[in-house]
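In listed order, ligands and their atoms are each counted from 1.
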Amino acid sequence: MTLVQVLTKHPMKWAVFMGVLVGLVLLYMLSEATSNTSLFAQNYPRLLMAGAVVALALMGLISFQLWTLYGKLKHQVFGARLTFKLVIVFALMAVLPGTLVYGVSVKFLSNSIESWFDVNVDNALSAGLDLGRTAFDSMLLDLARKGEMISGELGDAMIAEESSALHRLREQYVVQEITLFSKSGNILVFSNALNDKLIPNPVPINASILHQIRTQHVFKTVESIPDRGLFLRVVVPVNRLSYEEDIQALQLIQPVAKNLATDADSVEAAYRGYQELLLARTGLKRIYGLNLTLALLLTLLTAIALAFVISERLGAPLSALAESARAVGAGDFTKITPVTGNDELGALTRSFNTMTRQLSETSAARLKDQEKLAAAKAYQESILSNLSTGVIVLDEAFRLKIANNSAENLLDAKKLHQLPLSEWGVKVAELATVADFLASQFREAHDQPWEGDGDYLSSHGNRKFHFRGTRLPQEHGGDYVLVFDDITEILQAQRDAAWGEVARRLAHEIKNPLTPIQLAADRLRHKLMEKLPEAEAKILERSTATIINQVDALKNMVNDFSEYARSSKMVPKSLDLNQLIREVMVLYESAEHKIKLSLDPHLPLIDGDMHRMRQVIHNLVQNAQDALQEYHQAYVMIDTSLEEEEVSFVVSDNGPGFSDEFLVRVFEPYATTKTKGTGLGLSIVKKIIEEHHGKITVSNRESGGAMVRILLPLRGAR
Ligand code: ADP
């Protein structure tokens, strides 16, 4: 990772690091400033610039972070409030003590700087300086006096003796070095107290000193001679009247005591330093103040930046936890929060992950159980819905709760959902009787199982149901369960079978004596005819004829019975129903009432016994003709058509139709309204149709008249 990448990835950390670094350097410089002014002065501007740059960068970053934090707070991002609180706490932690220390430091700084420039210090330094000067002045005066005395004595001496006189005088007046110069500044005689080898070069004099000498002035100074230290130097004129060169210069050099020289030096240096400080006084105060301010600013900014860094470290795992918690709340147990460390937060995250995993396992198990339950429920429901038996569940208030498909079809129970038993009749009028029957059965049974048959007067005719009811135990809800079957067909079949048996026996019983009766009557007529007088013979003739005729009629009736009861096998062949109808209609061409045919030209073939089907057509048309006897402009209609994979054959008329009471037992043998009727016609029709696996319904037309509707399966359908 390059430096740029690191900087861009963790700018806050870097800013904190830099802030701390520059702040520390600033404080160090401050502490060193008093002892090492030059270092401070040299680096101060650069350091100030660096501090300002870091402070500006920190300020920019913090502003950016605060702006981001404000946005997060506004959108109520998780962790934003924590960050905000941490920032406030850290800032306060930095600001309060920081400001206190800052205030005290500034005060202390300004006081201590002021104390440097105390009047006493100033005076002491000036006095020290004056003291040094006075000491030097008196030493110079002393040396000058010695010089003048040596000059006086030297003036009287001979030139030849000059050198020795000078040596002597130097020793006599205890002077370290004496040099005699000519008027033009050339060295004439030189004497030094030091031994020969170490004798330094004489100190030369310049033109301005010579000028002073010429005007008879004494030159006095304290000066530092290179390689030799601080010296008192006095030059006095020597007036030699006996010479051409009347004025000579005598230079005396005396070293200053070493400690005195050092003291004077240090006093002067301190004074100079003091003067410098005095000049820089306000500047210093400003610089130190600025330094402190910058250090405080850096501390404060660093603390805030640190707050961001720490809150980010604390907030990141918390945010991750919150996000996972939200996911768990929404039902997603797959989210695992990354564990960030070994502290309490890490432990919390681990516990949360364990909890999520357990929840996930539990929910998976629950889902599995639910699926199993749903499958079992679906299985039960499929059994219930495929049951031909009607099943109904009523709640404690006898409101319909559940009804399976068969129940819905049998009772039209779709409209009854949540409807109490007492209101079934109000909603569906046909159900009134059934509802009353069921209510009374449940009431009388007193929560015990019961069984019973009830009538249902549906729009398709009277149906008979066999009901069984019971109440579930209270711990299973206390609902009422009703199971029922449509037993109309079974009853009908039972009745049909019974009537078949009766018919067969009756036919048999009746048929047996008929022929002997006929034969007996015939014999009576033959035997007695000639023996009786004419009048009685005629009576006999009429009576025996009546007996024989009536027995014939009886025979016909019995044949009808035996036809109904017959059990011979039918022979189905491929049959064109339209063709058969047309053939039968030939017999009715001269019939009293018109027969209208509406035959489907594309009617498919059926499997049928031609003779039996012929009888069906014949029976139905004859019935219609009979019913229309007293009607004018009456007609019979025969329709054939294809209806949903079945051949429909309908015989209807515009006669009186069936009465409601008769309609329910129209197929019963011997049920007739005619004086000479046997009541077997429709029974035979029904039997034949059932033998052909067809269905037959009898009803009244809405516009008046009877309608017999037959549905027959197509050829090869069974
Ligand atoms: P029968 O004709 O010997 O009476 P059926 O079984 O053929 O016996 O008829 C039974 C009864 O049904 C008849 O007595 C008659 O009252 C009634 N019926 C049959 N067909 C019709 C019809 N088309 N219109 C009115 N009533 C009819």
Side-chain angles (χ1 to χ4, degrees), residues 460-462 491-493 495-504 506-507 510 550 552-566 581 584-585 587-588 591-598 611-640 648-692 694-710:
H460 310 299
N462 187 20
L491 284 180
Q492 190 66 50
R495 239 179 263 147
D496 288 356
W499 273 112
E501 189 60 30
V502 169
R504 250 194 328 273
L506 220 83
I510 295 170
Q550 286 306 313
D552 260 343
L554 250 173
K555 262 189 182 164
N556 278 340
M557 198 185 279
V558 170
N559 279 340
D560 265 2
F561 269 118
S562 53
E563 173 70 22
Y564 177 73
R566 142 194 71 86
I581 293 168
V584 176
M585 285 310 109
L587 301 173
Y588 288 88
E592 195 181 340
H593 299 289
K594 228 165 107 193
I595 298 176
K596 296 181 183 174
L597 294 184
S598 165
H611 296 291
R612 295 192 187 190
M613 284 312 290
R614 190 190 291 273
Q615 190 174 359
V616 167
I617 300 164
H618 186 72
N619 279 11
L620 294 178
V621 174
Q622 190 55 55
N623 270 352
Q625 290 285 348
D626 291 348
L628 296 175
Q629 255 174 16
E630 284 161 27
Y631 280 72
H632 302 289
Q633 291 187 333
Y635 58 86
V636 182
M637 282 238 328
I638 300 180
D639 290 78
T640 57
S648 151
F649 167 48
V650 182
V651 179
S652 55
D653 60 62
N654 57 351
F658 302 93
S659 68
D660 281 348
E661 312 84 68
F662 193 74
L663 203 57
V664 293
R665 52 191 198 94
V666 72
F667 290 120
E668 283 178 17
Y670 217 64
T672 179
T673 55
K674 299 173 193 165
T675 42
K676 281 189 177 175
T678 59
L680 287 170
L682 284 175
S683 310
I684 292 167
V685 168
K686 186 167 188 259
K687 200 174 170 207
I688 295 171
I689 294 305
E690 279 169 0
E691 280 169 353
H692 282 80
K695 284 168 246 162
I696 178 164
T697 49
V698 172
S699 59
N700 287 318
R701 290 169 67 211
E702 270 177 32
S703 52
M707 179 163 86
V708 181
R709 190 173 137 89
I710 292 166

(message) Run F649 and V708 through side-chain contact (heavy atoms from CB on, under 4.5 Å) and show every step you take.
(response) CA-CA 8 Å; F649 167 48; V708 181; over 6 Å; no
(request) Please step through side-chain contact (heavy atoms from CB on, under 4.5 Å) for the pair Q615 and I684, ending with a clear verdict. (result) CA-CA 9 Å; Q615 190 174 359; I684 292 167; 3.8 Å; yes
(message) Could you walk me through whether V698 and M707 satisfy the side-chain contact (heavy atoms from CB on, under 4.5 Å) test, starting with their C-alpha distance in whole Å, then the side-chain angles of each, then the deciding distance to 0.1 Å, before giving a yes or no?
(response) CA-CA 6 Å; V698 172; M707 179 163 86; over 6 Å; no
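Of all the atoms in ligand 1, the ones that sit under 4.0 Å from a non-hydrogen atom of G681 are 5 (P), 6 (O), 7 (O), 8 (O). Of all the atoms in ligand 1, the ones that sit under 4.0 Å from a non-hydrogen atom of A706 are 22 (C), 23 (N), 24 (N). Close contacts between ligand 1 and A624 involve ligand atoms 23 (N) [criterion: under 4.0 Å to a heavy atom].
For the ligand labelled ligand 1, residue G679 lies inside the 4.0 Å heavy-atom shell. Not a single heavy atom of F667 sits under 4.0 Å from any atom of ligand 1.
Annotation: atom 7 (O) of ligand 1 to nearest protein heavy atom, N623 ND2, 2.9 Å. Among all protein heavy atoms, the one lying closest to atom 12 (O) of ligand 1 is F662 CE2, 3.2 Å. Closest to atom 23 (N) of ligand 1, if we only count protein heavy atoms, is D653 OD2, 2.9 Å. In terms of protein heavy atoms, atom 24 (N) of ligand 1 is closest to A627 CB, 3.1 Å. For atom 2 (O) of ligand 1, the closest non-hydrogen atom of the protein is K674 NZ, 2.7 Å. Looking at atom 16 (O) of ligand 1, its nearest protein heavy atom turns out to be T673 OG1, 2.2 Å.
Side-chain atoms of N654 do not come within 3.5 Å of backbone N or O of G705 as any donor-acceptor pair. Using modelled atom types, one side-chain atom of D653 and one backbone atom of A706 make a donor-acceptor pair closer than 3.5 Å.
The backbone of L680, and not its side chain, has at least one atom closer than 4.0 Å to an atom of ligand 1 (non-hydrogen atoms only; backbone = N, CA, C, O).
Considering backbone and side-chain atoms together, P656 places no N or O closer than 3.5 Å to any N or O of ligand 1. For ligand 1, the polar-atom distance check finds no N/O of F658 at less than 3.5 Å from any of the ligand's N/O atoms.
The closest non-hydrogen atom to atom 10 (C) of ligand 1, taken over S683, A671, G705, comes from A671. For atom 6 (O) of ligand 1, the nearest non-hydrogen atom from the set L682, D626, T672 belongs to L682.
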Counting only pairs under 3.5 Å, give me each side-chain donor-acceptor contact of residues 659-670, with atom names and distances, residues two or more places apart or in other chains.
unit_1	atom_1	unit_2	atom_2	d
S659	OG	F662	N	3.3
E668	OE2	R495	NH1	3.2

Expected list for residues 625-635: side-chain donor-acceptor pairs under 3.5 angstrom, two or more places apart:
unit_1	atom_1	unit_2	atom_2	d
Q625	NE2	H593	O	3.2
D626	OD1	Q622	NE2	3.1
D626	OD2	K674	NZ	3.0

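Residues N619 and L682 have side chains not in contact (no heavy-atom distance under 4.5 Å, counting atoms from C-beta outward). Residues V651 and V636 are in side-chain contact: their nearest non-hydrogen atoms beyond the backbone lie under 4.5 Å apart. Taking 4.5 Å as the limit, some side-chain heavy atom of V621 sits within range of a side-chain heavy atom of M585.
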